[in-house]
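A short worksheet on the structure shown next.
Every value quoted in this text rests on a predicted model; they were computed, and no experiment measured them. Below, chain A is the first sequence line, B the second, and so on; all start at residue 1.
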Amino acid sequence: MITMNPPTPSRIQVRPGNPNEGRQDYISIRDFGFWYGDKKALDAISVAIPERQVVAFIGPSGCGKSTLLRNLNRMNDLIDGIRHEGEITINGRSIYDPGLEVISLRRRVGMVFQKSNPFPKSIFENVVYALRVVGVKDRALLEEACETSLRKAALWDEVKDRLEDSALGLSGGQMQRLCIARAIANRPEILLMDEPCSALDPIATGKIEELIHELKAQFTIVIVTHSMQQAARVSDRTAFFYLGKLIEYDKTEKVFMNPSQAQTEAYISGRFG
Amino acid sequence: MALPDQDSATPRGEPWVWFSSLGLIVGLVMVLGLLGLVLMNGLSVFWAPPVPVVRLDDGTSLIGQLAQRRIRPGSPASAPRYERQYQVGLRELNGHSYVWVDESRVRAEEFPADILGLERMENGPAFVRPVRLTRADGRVVEAADPAFAEALAAEVAAGAGVRERLTEINRGRIGEVNAAMEQTRVDLRRAEDQKTPTEAIRRAMTALEARYATLGSEANQIKATGETSKLLAREAGGREVVVPMAQVVREWFPNRLGFADRLGLFFRRLGEFIFGEPREANTEGGLMPAIFGTLVMTVFMSLLVTPFGVIAAIYLREYAQQGSLLRIVRISVNNLAGVPSIVFGVFGLGFFVYVLGGSIDQLFFSDQLKYNNNTPVFGTGGLLWCSLTLALMTLPVVIVATEEALAAVPRGMREASLATGASKWQTIREILLPASAPGILTGVILAMARGAGEVAPLMLVGVVKLAPTLPLDGTAPFLHLDRKFMHLGFHVYDLGFQSPDSDAARPMVFATTLLLIVLVVCLNLGAITIRNRLRARYKTASF
Amino acid sequence: MQRFFHDELRQLRDDLILMGERSLDMTRLVLRAVEARDDALALQVRGMDDRVDELEKRVDREIMRYLTLFGPMGSDVRLLLAARDIGHDLERIADEASVIAKRSLVISERGPLKDLLHVPEEGIIACEVLRLALDSFIEGDLAKARLVLERDAEIDALNRRNYEQLFGKSGDAAKVSASHVELIFISKALERIGDHSKNIAEQVIFLLSGEDVRHAR
């Protein structure tokens, strides 16, 4: 981050740092290893993700970046024959703590997927789904949460007159923003994004990226992306993975301008493989 | 190596395209042929063609409606000889309704306008030349009188009224008295057994018996008034026959009808067939009880099989530990679909009727058993056991369809739900089941189609040739699970193989088959409509 | 759609403008120092150079950061490329001002000059041209940028006249006082400032129209 004392009152700060700088190791991954059956997918990963920042995971396909992301809300638990070692803590608490229900973990860690996957329900019901599952019945509360989430997801103005319409009638970009609204409706602390723009056109992608930029004021965001440009645009820190190993993790500018590892340099400059 | 000329090479394997399409064509032709045959034979029953007087070479003649024409068995193929079958009716005179006539013996066919066709309550139809009608009030109308047709129609209508009143007394009021007497008799026996006072019960019984006698005589009186009206007619041979008008259901002059009249008659007969009650050992009249029984049984079966099948499939797909044990279970379930249906019937009889039904009777209807000559309630065939047996038989279909529908729900939707913190059950209830509803309904449609057409197991667990009451009616508890009922499929079997007059039953077999097909198609169309609506609502996202 | 990172381009522009204003300030102040023989002012001007150098480094960092992270296209690319050159030219202008300040101090050390030749006039025009170049960038005014290209010749002419006046009068370099030699250096520096202003104008033309007018003659 560029530090300076502004000569004139600057309209914006470059990369606004968080006014109340949060924990630097809000999500802490320590010596984390992961196996699908006998296949080792991750090897001794250590990453500290600061609070209310955007961290991008990049790397070629099969490098383990998605696997790591899906471990942060234990979505990998759905798969048979998995095993892990090491530790992941969120705000100091282990996500593998036997006293922590995986359901309550997922309520604190929202997720947006590569393919937008709205439920075959109305837009309203999609957004408030997370509240419905915890038993919220108060209509006024649900409506308020719906509006708040859709506004945060920059979708409110586009859908406010058709909340009862099927969510499947939205465009691809709108669907993905709806999924983001759904993921933040129950006010999680962390938002995981697994290639959220890979199926979208540039305009929709731009909107989602703007949204990520807005959302990081409130959420800690971890995004997996195949697009290095995207990682460069939206993230504060970037982690480069290769073959299940963490090659480099640093501030995004450092990684893209002057990486310390030759492999990272080769990957970001397109001289890989 | 030289490559073959790529430009002129014809595509390889092209004949196989034709071959595979041929397979489809053969299949379609067979299905269409079946439908056509059933449609032709089934609908021709209701058509009233002109009826000739046929003069034969030996000087005799007959009046009859042409039923069919065929090559005489044993005649050479090069010079085939034909024979015709005429429906002559008047079974009480001839002992049969149909005669075969070698075509070479037919000298002439005339179509006199005065030939009268009659459908009767007993002894089948009749084709006669009327002479005179004695009306209920004693007036006599000659056949030559221009008012004859009108008077005849009036008498038929009056006869219908008489029959209606009789039915109302016999089935309605006398039926009620009978049921009350039955119950009173049970009460009496119980009272005797338990040494409680029987006086009141005996008095009630006497009152009921008196009422029974009154109703009986009332019925006889009505019957007697109807019998004064008679039609004197002559058959082809000149023999006279007297037809009581109370017996006549419908009359028509086949050689006087225009096309529109014939069409009207056709639809009236079709209507009676669908909405009427059966008569003459089911060979005539309508099929309402059978249609209704089939419908109620099929719907009830679907209501039973759907929750069971869906719950089982959810467990198999979503909760059970996937392993070799589960694979064996799955194979077994699939194989269950291939078990002959009669085996299910035997199981239904052995387990549902005797074990389950017997236990229910022991537990809840022990009074009934003890004081009513061991007459079982649930310990015998009935609607519940039929539906359960067929539900069991169609269970694999629903399980397999539901499992596949669940598996077809996009993984992303499941993950999205879990990622918001929903539990597995919430995911199933809120997301998976709605999304797989069309697939589940497909399974239910298949189950219904199979269940509606099944006969063999039903014969063992509760379908009868003639049921006096419907399984669903206006008296509490409205749906009578213990009642025996009639079924179209069984009706076809009964007509085709158990009928005393096979010639008379033959057209009805086709008509009933047609009705069964229509019913199954209607049930399926209904289910498909629901499914398509669901599909439109729950179509999965794609872009 | 306005993207969040477009704000950084505005920041870059602001920094460049600030740099330009500072360079212009330095030129004006140093000219006043020369005319008024104000050594304190000259010293102050020399001290101002560091800030401009720092600004140049900041602008360069911003350009590099933007190029690396945000994949610019179209006019954004031209802005970044032009900004790099403009920043460089402005830094050079500030350097030249600093050189003038140094020469001015030398002159005062050796004793004041009565005749400043055409230097004050040349300075006024140099400031005008630089102002014009800066305005063309700030306002995105193509006409002003083209005007800079024309007016640069005036400075060149005055510089030549200064030279000729000094050497042409005596015809003998030995007779020229050392102070006057310093004055020639100042004149030369002002001529360089004019050249840098011209370069800036050329970059502005490139930025606005995409046309490359360098070395056109």
Side-chain angles (χ1 to χ4, degrees), chain A residues 70 72-81 101-122 125-135 166-176 178-179 182-186 188 191-192 194 199-201 204, chain B residues 314-327 330 402-442 530-543:
Chain A
R70 296 166 68 88
L72 297 181
N73 66 346
R74 293 180 60 184
M75 279 309 270
N76 279 334
D77 287 13
L78 303 178
I79 301 162
D80 289 334
E101 277 289 325
V102 67
I103 286 173
S104 69
L105 170 71
R106 288 179 188 151
R107 285 176 188 157
R108 291 169 52 205
V109 184
M111 188 160 187
V112 177
F113 296 83
Q114 176 176 7
K115 194 172 184 302
S116 66
N117 45 12
F119 302 134
K121 294 168 176 278
S122 69
E125 286 299 330
N126 260 282
V127 177
V128 301
Y129 183 78
L131 299 175
R132 289 250 192 241
V133 299
V134 294
S166 169
L168 304 171
L170 297 175
S171 73
Q174 286 174 327
M175 278 195 205
Q176 193 62 297
L178 178 70
C179 292
R182 182 177 66 192
I184 61 179
N186 61 341
L191 198 53
L192 307 178
D194 193 354
L200 302 180
D201 67 36
Chain B
I314 286 175
Y315 184 79
L316 280 177
R317 172 64 56 181
E318 300 294 329
Y319 286 110
Q321 183 77 40
Q322 306 288 323
S324 51
L325 180 67
L326 196 72
R327 219 163 30 243
R330 209 167 263 150
T402 306
E403 269 210 80
E404 268 163 26
L406 285 173
V409 176
R411 210 173 86 123
M413 230 184 257
R414 196 183 298 249
E415 286 185 339
S417 173
L418 292 172
T420 56
S423 68
K424 197 158 188 177
W425 169 240
Q426 283 172 324
T427 302
I428 290 170
R429 199 189 58 203
E430 298 285 333
I431 307 299
L432 297 186
L433 278 185
S436 55
I440 294 172
L441 264 171
T442 305
I530 297 172
R531 181 183 64 184
N532 288 350
R533 250 193 229 152
L534 286 174
R535 203 173 265 169
R537 176 130 59 107
Y538 294 119
K539 81 173 159 66
T540 49
S542 54
F543 63 88

Item to complete: Against chain A, label Gln322(B) side chain, backbone, both or neither, depending on which of its atoms sit under 4.5 Å from a heavy atom there.
Response: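 Looking at Gln322(B), nothing touches chain A.
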
Fill in: Contacting region of Arg429(B) [heavy-atom separation from chain A under 4.5 Å]
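Contact with chain A is absent: no heavy atom of Arg429(B) under 4.5 Å.
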
Worksheet item: Side chain, backbone, both or neither: which part of Val112(A) has a heavy atom under 4.5 Å from chain B?
Response: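 Neither part, no heavy atoms under 4.5 Å.
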
Discussion item. Taking side chain as everything from C-beta outward and backbone as N, CA, C, O, which of these in Leu192(A) sits under 4.5 Å from a heavy atom of chain B? Side chain, backbone, both or neither.
Written reply: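 The answer is neither part of Leu192(A).
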
Worksheet item: Does Glu318(B) have any salt bridge (charged side-chain N to carboxylate O under 4.0 Å, His left out) partners at least two apart in sequence or in another chain, and if so, which?
Response: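 Expected list: Arg414(B).
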
Worksheet item: Nearest 0.5 Å, what's the OG1-CZ distance between Thr427(B) and Phe119(A)?
Response: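 It is 7.5 Å, given to the nearest 0.5 Å.
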
Fill in: Value rounded to 0.5 Å, distance of CD in Glu430(B) from CD in Glu125(A)
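Rounded to the nearest 0.5 Å, the CD-CD separation comes out at 8.0 Å.
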
Worksheet item: Mind checking whether Glu415(B) and Arg70(A) have side chains closer than 4.5 Å, heavy atoms only?
Response: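 The answer is yes, as the side chains (C-beta and beyond) meet within the 4.5 Å cut-off.
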
Item to complete: Take Ile431(B) and Lys121(A) through the side-chain contact (heavy atoms from CB on, under 4.5 Å) test and state the conclusion after the steps.
Response: CA-CA 9 Å; Ile431(B) 307 299; Lys121(A) 294 168 176 278; 3.9 Å; yes

Worksheet entry | Distance-minimising heavy-atom pair for Ala416(B) and Phe113(A) |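 Between these two residues, the closest heavy atoms are CA-CE1, 3.7 Å.
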
Worksheet entry | For chain A, which residues of residues 418-426 of chain B have heavy atoms nearer than 4.5 angstrom |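 Near chain A, by residue number: Leu418(B), Ala419(B), Thr420(B), Gly421(B), Ala422(B), Ser423(B), Gln426(B).
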
